[in-house]
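For this chain, numbers begin at 1 and follow the sequence in order. From a predicted model like this one, the values you see are computed outputs, not experimental measurements.
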Amino acid sequence: MPGDSVLLDNHLAFLAAHRGEVRRSAAGIEVMGADDFFSCWIPLSADAGIPDETSAVRLVPWSGDGWEQRLTEAGFEPAEVLVHMESPAAEAAGEPLAPVGTDEDAVAFAEVQAAAFLGEDDPDVEWWRQELRAMALRNYAEPDQSFYLLRVDGDPASITLVFRTGEVFGIYAVATKPAYRGRGLASTLLGQARRDAAGGRLTLQVVEGSAAERLYLKLGFRPVFRSPHFRLPA
């Protein structure tokens, strides 16, 4: 699926900018996340050797055959499966939105991310708040990234990020504060993502079987390929 590898490339570019470091070789791709959860190795051939100290392996259709058996024999266990999805071209309704253009709005973007994704009982909640803030401030002015923020009565309420690599436009950080859900804010932001991607490929990733997958199927996205993860037991 060489034509679909550009969707993975978009995701890896996002991870490199926001979650850690990505290193490529002929044998595979190593993702070294700021948090261990994001770290993994992606084989690019059936006969590649698993690097030492690897605790998570992510497969793609062009990894080659036999990996599930090899990983099971090496002690890895099946974990989450990411589904790379793509939306057909569609007209975007509504008025265009301006991307985040100030540090103040970048900090507000990170505030919504934290409110939507983090729980107060998370032991790393403060680290993540600081990390999300730093990533927003570092990236919002990059020409290949468009951060979008909607406010309700002045309060930061809903966000998304569109990350461009070539003709591929990836949707990331779709989030709405719990108090503002059900008002169509995310649909407005998705419309802007479609507008950004006019003439290109609009993509995102969801966990297989999740509510997010069901939602995006209803919104017209279709699966392109599966990317199973295998992890060593803790």
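- Salt bridge Arg129/Glu126: present, at least one basic N to carboxylate O contact under 4.0 Å.
- In terms of heavy-atom proximity, Leu149 sits nearest to Pro156 at CD1-CB, 4.0 Å.
- To the nearest 0.5 angstrom, Thr176 atom OG1 is 10.5 Å from Arg183 atom CZ.
- By the 6.0 Å contact criterion, CZ on Arg181 is enclosed, its count of non-hydrogen atoms from other residues, nucleotides or ligands being greater than 12.
- The cluster map of Ile, Leu, Val, Met, Phe, Trp and Tyr, joined by side-chain heavy atoms under 4.5 Å apart, puts Val174 and Leu204 in the same cluster.
- Heavy-atom minimum distance, Ala26 versus Leu44: O-CB, 3.9 Å.
- Judged as a salt bridge (Lys or Arg N to Asp or Glu O under 4.0 Å), and not counting sequence neighbours, Asp196 has no contacts.
- Side-chain atoms of Tyr148 and Asp105 form no donor-acceptor pair, as typed in the model, at a separation below 3.5 Å.
- For Arg138 (side chain) and Ala17 (main-chain N/O), a donor-acceptor pair under 3.5 Å exists by modelled atom type.
- Of the charged side-chain nitrogens involved, none lies within less than 4.0 Å of a carboxylate oxygen, so that Arg133 and Asp103 do not count as a salt-bridged pair.
- We find the CE-SG distance between Met32 and Cys40 to be 10.5 Å, quoted to the nearest 0.5 Å.
- With Arg222 contributing its side chain and Leu217 its backbone, the two residues share a donor-acceptor pair below 3.5 Å.
- Across every non-hydrogen atom of Ala106 and Val100, the tightest pair is N-CG1, 3.6 Å.
- Side-chain atoms of Thr72 come within 3.5 Å of backbone N or O of Glu68 as a donor-acceptor pair.
- Asn139 places a side-chain N or O within 3.5 Å of a backbone atom of Met135 that can act as its donor or acceptor partner.
- Note that CG of Leu161 and OH of Tyr140 are 14.0 Å apart. Values are rounded to the nearest 0.5 Å.
- Nearest heavy-atom pair across Ala193 and Val162 is CB-CG2, 3.8 Å.
- Ser87 places no side-chain N or O within 3.5 Å of a backbone atom of Gly220 that could act as its donor or acceptor partner.
- Ring-centre distance between Trp67 and Trp41: below the 6.0 Å cut-off.
- Listed by chain and residue number, Asp47, Ala48 satisfy the side chain to side chain contact (heavy atoms under 4.5 Å, CB included) test with Ser45 (two or more places apart in sequence, or in another chain).
- Criterion: ILVMFWY side-chain heavy atoms under 4.5 Å apart, direct or through other members. Under it, Val57 and Val81 are not part of a common hydrophobic cluster.
- Under the side chain to side chain donor-acceptor pair (under 3.5 Å) criterion, the residue pairs touching residues 207-218 are Glu208-Arg226, with sequence neighbours excluded.
- Note on Leu7 and Val206: separate hydrophobic clusters, where clusters join Ile, Leu, Val, Met, Phe, Trp and Tyr whose side-chain heavy atoms are under 4.5 Å apart, directly or indirectly.
- Salt-bridge annotation for Asp65 and Arg70: absent, with no side-chain N of the basic residue lying under 4.0 Å from a carboxylate O of the acidic one.
- Ring geometry, Phe14 versus Phe163: the interplanar angle exceeds 60°, so the pair is classed perpendicular (tilted spans 30 to 60°).
- Of the inter-residue distances, the one linking Arg58 atom CZ with Ile42 atom CD1 reads 5.0 Å to the nearest 0.5 angstrom.
- Atom CG of Leu8 is separated from atom CD of Gln205 by 8.5 Å, given to the nearest 0.5 angstrom.
- The two residues Ala136 and Phe147 have their closest heavy-atom pair at CA-CE2, 4.0 Å.
- Across Pro96 and Arg195, no two heavy atoms sit closer than the pair CA-NH1, 3.6 Å.
- A distance of 5.5 Å separates CH2 in Trp62 from OG in Ser5, rounded to the nearest 0.5 Å.
- Contact check on Glu111 versus Lys177 returns a salt bridge, with a Lys/Arg side-chain nitrogen under 4.0 Å from an Asp/Glu carboxylate oxygen.
- Placement of Ile171 and Met85 within a single hydrophobic cluster is found when ILVMFWY residues are connected by side-chain heavy-atom separations under 4.5 Å, directly or transitively.
- Tracing side-chain contacts under 4.5 Å through hydrophobic residues (I, L, V, M, F, W, Y), one never reaches Val60 starting from Leu71; they form parts of separate clusters.
- No hydrogens or angles considered: a donor-acceptor pair under 3.5 Å links the side chains of Asn10 and Thr165.
- With hydrogens and angles disregarded, no donor-acceptor distance shorter than 3.5 Å links the side chain of Ser158 to the backbone of Tyr180.
- Using cut-offs of 30° and 60° for the angle between ring planes, the Trp128 and Phe38 rings count as perpendicular.
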*Give the C-alpha distance, both sets of side-chain angles, the deciding distance and a yes or no for side chain to side chain contact (heavy atoms under 4.5 Å, CB included) between Thr54 and Leu232.*
CA-CA 8 Å; Thr54 297; Leu232 287 176; over 6 Å; no
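- With 3.5 Å as the limit, one finds no donor-acceptor pair spanning the side chains of Glu131 and His18.
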